[in-house]
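Report on the following structure.
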2 protein chains.
Amino acid sequence: MDIKNKILCVAERVFDQEGFNATGMGRLIRETGLSSRTVYKHVGSKNALMALVLKERQQRFFKSMDFSTLETLFDALHAWSAKDGMRGCLYFRVGAETSGNIPEIHTAVEAYHIQLVKALTDLIHREAGQPDELMTEQLLVLLEGAVTASTYRGATAIEAARLSARRLLQPEAEL
Amino acid sequence: MDIKNKILCVAERVFDQEGFNATGMGRLIRETGLSSRTVYKHVGSKNALMALVLKERQQRFFKSMDFSTLETLFDALHAWSAKDGMRGCLYFRVGAETSGNIPEIHTAVEAYHIQLVKALTDLIHREAGQPDELMTEQLLVLLEGAVTASTYRGATAIEAARLSARRLLQPEAEL
DNA sequence: ACAGGTGTAAAACGATCGTTTTACACTGCG
DNA sequence: CGCAGTGTAAAACGATCGTTTTACACCTGT
């Protein structure tokens, strides 16, 4: 079980840093220090490995994010980005690189999106006192924007998103 | 000159639909109907072709976007997304796929970002009556978020971003 | 008519891809 | 002891990658 985890760990790091298609299995084999035979015995194939990485990361991500309130959410996002580096959403990236052609990967990306939308829906429900689809969508846009923009604007983008998100909960002042 | 444009046109479409690394030169050669020799004579190399696509697209993008006001901007973004399809920002994607390792591509991505930030800075200056870095950053986040989120939420994400952007210009109502 | 440029068709280049195979060593368990 | 399982090391698989080359056909202008 430790071997599989080592493969997943190295693969996630290299996939994230270099891109999925740009990363050959040879690189992962070299960097894990394992033989190709062992790697393939444990993860099956590159596509399966990619899907495994996405699934494992999803669990870790949602364990790390604190969806209690808007503030805790942006705190957690800030911390995650600082530790993980800011290279944009891995799920969007793998989706773009594979364009939905690999079923196991497409499924993993979809699962992540579903859980994300659900977490935000619940958060908004809690903070606004009632469900609000528009507000949820706006928060989703702010999160995706913060993650994407932070790749070239830095953590500033996350704080800008946080400020915008605060406004979401304030009632509209009509003229 | 027409040949080069045909190559650029096909390349942009396939790169966008399938991803950069997932697209081989063979596919582009087949789909342009040209010989490999002609293709390489006109564009030099795959990396050079990618950079050319990005540069040409940048001109077309900023010609198509109307940065006059927030509303015209989101109208234009909506129209662009409807016509082009919603697969996320090509500049972010190429940056992630190449991780900044190819100078000509990294330069093209940077140039796009610079022009984008400048356009938004000017727009905010105009609409708010004075420069506002925070507001610019917030609008940038909304745009990036709209483009990214629309890949799996559809045009709804763009309209949600539009509504958030409107609020940016409204003065804060303090308690 | 001939030279130069521009195109095609197709083979070939070495490199690298994902994956499988062969051969061998070590371990723990019956 | 012996056998099954799990690991390494390294070669080999066919496919495909980006790119170059060879050979040939077609214009165009002096």
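No hydrogens, no waters, no symmetry mates; every other heavy atom, side chains included, goes into these values. Each chain gets a letter, A, B and so on, in the order the sequences are listed, and its residues count up from 1. Because the structure is a prediction, the values reported are computed rather than measured.
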Between Ala76(A) and Met65(A), which heavy-atom pair has the shortest distance, and what is it?
O-CE, 3.4 Å
Could you give the CG-to-C1' distance, from Asp2(A) to dT6(D), as a whole number of Å?
15 Å
Side chain to side chain donor-acceptor pair (under 3.5 Å) partners of Arg13(B), counting only residues at least two apart:
Glu31(B)
For Val39(A), which of Val10(A), Leu49(A), Thr32(A) qualifies under side chain to side chain contact (heavy atoms under 4.5 Å, CB included)?
Thr32(A)
Quick one about Ser99(A) and Asn101(A) (side-chain donor to acceptor, distance below 3.5 Å, no hydrogens or angles considered), yes or no?
yes
Identified ring pair (Phe, Tyr, Trp, His ring centres under 6.0 Å) counterpart of Tyr91(B) within the set Tyr112(B), Phe15(B), Phe61(B)
Tyr112(B)
Validation row, ring centre Phe92(A) to ring centre Tyr152(B) under 6.0 Å
no
Sorted by chain and residue number, the side chain to side chain donor-acceptor pair (under 3.5 Å) partners of Asp132(A) (sequence neighbours excluded) come out as none
Extract, from 5' to 3' on DNA chain C, the first and final nucleotides lying under 4.0 angstrom from some heavy atom of chain B.
dG7(C) to dA10(C)
In residues 94-103 of chain B, which residues come under 4.0 Å of DNA chain C by heavy atom?
none
Atom CZ in Phe20(A), atom CD in Glu97(B): separation rounded to 0.5 Å?
10.5 Å
Polar side chain donor-acceptor pair, Thr148(B) to Thr148(A), under 3.5 angstrom:
yes
Would you call Asp84(A) and Arg60(A) a salt bridge, using N to O less than 4.0 angstrom?
no
Tell me which residues in residues 21-34 of chain A put a heavy atom below 4.0 Å from DNA chain C, sorted by number, or none.
Thr23(A), Gly24(A), Met25(A)
Considering all heavy atoms, the nearest Ala165(A)-Leu139(A) contact
CB-CD1, 4.2 Å
Base, sugar-phosphate alone, or nothing: which one does Ser45(A) contact when heavy atoms must sit under 4.0 Å apart?
sugar-phosphate
Kindly indicate, with the supporting measurements, whether the criterion side chain to side chain donor-acceptor pair (under 3.5 Å) is fulfilled by Asn47(B) and Ser45(B).
CA-CA 5 Å; Asn47(B) 284 342; Ser45(B) 69; 5.5 Å; no
Note on DNA chain C: ranges paired as stems (three or more Watson-Crick/G-U pairs in a row, both atom distances under 3.5 Å) are C:1-12 with D:19-30, C:14-17 with D:14-17, C:19-30 with D:1-12
Measuring to OP1 and OP2 of dG7(D), would you say a side-chain N or O of His42(A) lies under 4.0 angstrom away?
yes
May I ask you to check whether Glu137(B) and Thr156(A) show a side-chain donor-acceptor distance below 3.5 Å?
no
Both Ser36(B) and Ser36(A) contact DNA chain C. Taking the nearest nucleotide for each, which residue is further toward the 5' end?
Ser36(B)
